[in-house]
Structure formats: structure tokens, C-alpha cells
Amino acid sequence: MTAKNYENKECMYCSGKGYFQLLLGGSETCSCCGGTGKKKE
């Protein structure tokens with residue numbers, strides 16, 4: 001498994017989840033991938 005394939009598969013900011021877990025509770029949609037969890041081309 002190469003780093004290139006891994007990068008293309010999931011967004012590196014939210015680890016492919018599509019959202020961030022907030023410290024105060026709840027979650028926020030990842031603005032980098034728009035909540036899809038996939039890295040944009």
C-alpha cells in the first residue's frame with residue numbers, strides 16, 4: 001500500500017470521517033472534503 005493511494009482515498013484533515021469531533025461535544029462537517037471523507041482531486 002503506497003502513501004499515494006492512501007492520500008487519494010480519504011481526506012487527511014478528518015481521517016476519512018467527513019467531520020471533526022468538537023471538544024465541547026457534537027461534531028462539525030469537514031470543510032476540506034465537504035463531509036464526504038474523500039480527498040478532493
Side-chain angles (χ1 to χ4, degrees):
M1 182 166 154
T2 65
K4 194 171 194 179
N5 286 342
Y6 181 79
E7 274 188 350
N8 289 337
K9 216 178 349 179
E10 62 182 37
C11 178
M12 65 182 186
Y13 292 102
C14 64
S15 302
K17 289 183 290 196
Y19 63 90
F20 292 111
Q21 200 69 40
L22 301 178
L23 292 174
L24 299 175
S27 60
E28 184 178 320
T29 302
C30 179
S31 60
C32 181
C33 66
T36 62
K38 303 269 191 247
K39 187 176 180 187
K40 284 184 182 176
E41 292 300 319

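Keep in mind that this is a model prediction, so the values were computed, not measured.
- Between Lys9 and Lys38, the closest heavy-atom pair is O-CD, 3.3 Å.
- For the atom pair Lys39 NZ and Cys32 SG, the distance stands at 8.5 Å (nearest 0.5 Å).
- Considering every non-hydrogen atom in both Phe20 and Tyr13, the closest pair reads CE2-O, 3.0 Å.
- Between Thr36 atom OG1 and Glu10 atom CD the span is 11.0 Å, to the nearest 0.5 Å.
- Residues Cys33 and Gly18 approach most closely at SG-CA, 4.1 Å, considering heavy atoms.
- A heavy-atom distance below 4.5 Å is not found between the side chains of Cys14 and Tyr19.
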